[in-house]
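Have a look at the structure below before the remarks.
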Amino acid sequence: MNTKLLSYVRRCVEDYDMIKPGDRIAVGVSGGKDSITLLAGLAGLRTFYPVPFTVEAFTLDMGHVDGGEGMDFTPVAEFCKELDVPYTILPSEIHHIIFDLRKEKNPCSMCAKMRRGALHNALMDHGIHKIALGHHFDDAVETFFLSLFYEGRISCFQPVTYLDRTDIVQIRPLLYLSEASIRTIAAKEGYPVVHNPCPADGFTKRQEIKELVRSLDKQYPGLKQRVLGAMQRLPLSEWGPVNPRRRPLPDVGGDQP
């Protein structure tokens with residue numbers, strides 16, 4: 001098990017008090033590097049963390065078709081067996097609805113809502129009230145700029161979010177790891193990353209912001225870390241750690257791919 005991954009996940013979990021004794025934590029596993037790395041991190045943390053909890057993996061099959069075939073999640077299922085984590089695949093026709101029936105020009109927002117609804121319904125059916133999502137450090141910074149540029153407000157998702165309509169808590173244990181670090185860890189450990197054939201992948205507003213932030217961070221080194229620090233202080237009060245450590249934040253700039 002990768003020690004860097006475990007260290008950063010544990011610190012984030014402790015700083016934001018993400019896990020309670022006896023939690024059943026679902027991990028939404030898309031097959032991408034982020035969710036697979038999150039699954040590995042929580043499965044590893046489970047073996048020694050002083051607060052007992054269990055982990056279960058759920059994959060929402062979007063119904064993507066790539067070259068006439070759907071996504072093959074067999075490697076993910078085998079990985080879950082190695083980790084001793086129960087695994088459930090949830091079939092859906094979200095891809096068909098968005099791209100074939102509705103022919104959405106800007107599909108990401110509707111896709112996110114449909115995925116979230118399907119996952120939450122499945123969790124409620126299984127009696128699970130906590131889900132871990134694979135959002136990392138770069139996602140948080142990019143979401144901050146997306147909200148600022150396109151909505152004119154200071155906003156971002158929260159490290160821990162309670163959804164009162166479904167009685168589900170969302171946690172994001174990868175927030176102290178950069179995308180570059182996750183990519184490096186996934187490659188080094190040989191995690192079974194599954195290719196995403198979504199037609200909108202790489203052609204979104206988020207991709208535009210990602211490239212802009214990358215350019216700004218090169219011009220102003222440390223920009224992303226300073227943005228995260230600002231989010232943890234003000235004006236996003238919900239980002240203030242519940243259990244802050246008395247030492248600097250990790251170098252969330254990450255390893256170069």
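This structure is a prediction, so every number in the text was calculated from the model and none was measured.
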(request) Keeping the roles fixed (side chain from Arg226, backbone from Pro221), state whether a donor-acceptor pair exists under 3.5 Å. (result) yes
(message) Looking at Thr3, is its backbone amide N or carbonyl O close enough to the side chain of Ser7 to form a donor-acceptor pair, meaning the two atoms are under 3.5 Å apart?
(response) no
(request) Starting at CG of Leu146, measure out to CD of Glu151 and round the result to the nearest 0.5 Å. (result) 8.0 Å
(message) If you define the side chain from C-beta out and look only at heavy atoms, does anything of Ile182 sit under 4.5 Å from Lys33?
(response) yes
(request) List the atom of Pro91, the atom of Ile89, and the distance in Å for their closest heavy-atom pair. (result) CD-O, 3.5 Å
(message) For Lys210, is there an ion pair with Asp138 - N to carboxylate O distance below 4.0 angstrom?
(response) no
(request) Enter the distance from Thr47:OG1 to Asp84:CG here, rounded to the nearest 0.5 Å. (result) 11.0 Å
(message) Would you say OH of Tyr220 has more than 12 non-hydrogen atoms from neighbouring residues, nucleotides or ligands within 6.0 angstrom?
(response) no
(message) Within the 4.5 Å heavy-atom criterion, are Ile36 and Val76 side-chain neighbours or not?
(response) yes
(request) Please report the C-alpha distance between Tyr150 and Lys205 in whole Å, then the side-chain angles of each, then the deciding distance to 0.1 Å, and finally whether the side chain to side chain contact (heavy atoms under 4.5 Å, CB included) criterion is met. (result) CA-CA 9 Å; Tyr150 292 105; Lys205 295 294 185 183; 3.5 Å; yes
(request) Walk me through it: do Phe79 and Tyr191 pass the test ring pair (Phe, Tyr, Trp, His ring centres under 6.0 Å)? (result) CA-CA 8 Å; Phe79 188 53; Tyr191 294 153; 5.5 Å; yes
(request) To the nearest 0.5 angstrom, please state how far the OH atom of Tyr16 sits from the CZ atom of Arg11. (result) 9.5 Å
(request) Can you measure from CD1 (Ile171) to OH (Tyr162) and round to the nearest 0.5 angstrom? (result) 15.5 Å
(request) Using the rule that two of Ile, Leu, Val, Met, Phe, Trp, Tyr join whenever any of their side-chain heavy atoms come within less than 4.5 Å, decide whether Val193 and Leu60 are in one cluster. (result) no
(request) Measure centre to centre between the rings of Phe58 and His126, then say whether the value is under 6.0 Å. (result) yes
(request) Test Glu56 against Val27 for side chain to side chain contact (heavy atoms under 4.5 Å, CB included), laying out the working first. (result) CA-CA 6 Å; Glu56 302 179 33; Val27 179; over 6 Å; no
(message) Are the side chains of Ile185 and Tyr8 in contact, using a 4.5 Å heavy-atom criterion?
(response) no
(request) Dump the intermediate steps for side chain to side chain contact (heavy atoms under 4.5 Å, CB included) on Leu133 and Phe157, then the final yes or no. (result) CA-CA 11 Å; Leu133 303 176; Phe157 52 71; over 6 Å; no
(message) Quick one: does any side-chain atom of Asp217 pair with a main-chain N or O of Lys224 as donor and acceptor, under 3.5 Å?
(response) yes
(request) Flag the pair Cys80 / Leu39 as yes when at least one side-chain heavy-atom distance between them is below 4.5 Å, and no otherwise. (result) yes
(message) Please report the interatomic distance NE2(His120) to NE2(His129), rounded to the nearest 0.5 Å.
(response) 12.0 Å
(request) Spell out, as yes or no, whether a donor-acceptor pair under 3.5 Å connects the side chain of Ser147 to the backbone of Thr143. (result) yes
(request) Give a yes or no on whether the backbone of Gln158 and the side-chain of Arg172 come within a donor-acceptor separation of less than 3.5 Å. (result) yes
(request) Could you give me the CA-CA distance, side-chain angles and deciding distance for Ser178 and Ser181, then say whether side chain to side chain donor-acceptor pair (under 3.5 Å) is met? (result) CA-CA 5 Å; Ser178 70; Ser181 290; 3.1 Å; yes
(request) Please examine the side chains of Val169 and Val160, heavy atoms only from C-beta on, and report whether any two atoms are closer than 4.5 Å. (result) yes
(message) For a quick test of reading the model, state the closest non-hydrogen atom pair linking His135 to Leu175 and the distance between them.
(response) O-CD2, 3.7 Å
(message) With clusters defined by side-chain heavy atoms of hydrophobic residues (ILVMFWY) lying less than 4.5 Å apart, directly or transitively, does Val141 cluster with Ile154?
(response) yes
(message) Are Ile25 and Leu42 packed together at the side-chain level, in the sense that at least one heavy-atom pair is separated by less than 4.5 angstrom?
(response) yes
(request) Look only at the side chain of Trp239 and the backbone of Leu228, and say whether a donor-acceptor pair between them is shorter than 3.5 Å. (result) no
(message) Quick check against the 3.5 Å criterion: does Asn243 have a side-chain atom that pairs as donor or acceptor with the backbone of Glu14?
(response) yes
(request) Side-chain contact test, heavy atoms from C-beta onward, threshold under 4.5 Å: evaluate it for Asn121 versus Leu119 and give yes or no. (result) no
(request) Return the orientation label for the Phe149 and Phe145 ring planes: parallel under 30°, perpendicular over 60°, tilted otherwise. (result) tilted
(request) Considering non-hydrogen atoms only, spot the tightest contact between Cys156 and Leu236 and give its length. (result) CB-CD1, 3.9 Å
(message) Quick one, Leu6 and Phe48 - any side-chain contact, counting heavy atoms below 4.5 Å?
(response) yes
(request) Search all heavy atoms of Val85 against all heavy atoms of Ala43 and return the closest pair with its distance. (result) CG2-CB, 4.1 Å
(request) Nearest 0.5 Å please: distance from the NZ atom of Lys130 over to the OG1 atom of Thr54. (result) 11.0 Å
(request) Look at the side-chain heavy atoms of Ile, Leu, Val, Met, Phe, Trp and Tyr, link any pair under 4.5 Å apart, and say whether Phe137 and Leu148 land in one connected group. (result) yes
(message) Strictly distance-based, threshold 3.5 Å: is any side-chain N or O of Ser35 a donor or acceptor partner for the main-chain N or O of Ser30?
(response) yes
(message) I need the minimum non-hydrogen distance between Tyr49 and Val13, along with the two atoms involved.
(response) OH-CG1, 3.6 Å
(request) Give a yes or no answer on whether the side chain of Asp167 reaches the backbone of Asp164 with a donor-acceptor pair at less than 3.5 Å. (result) no
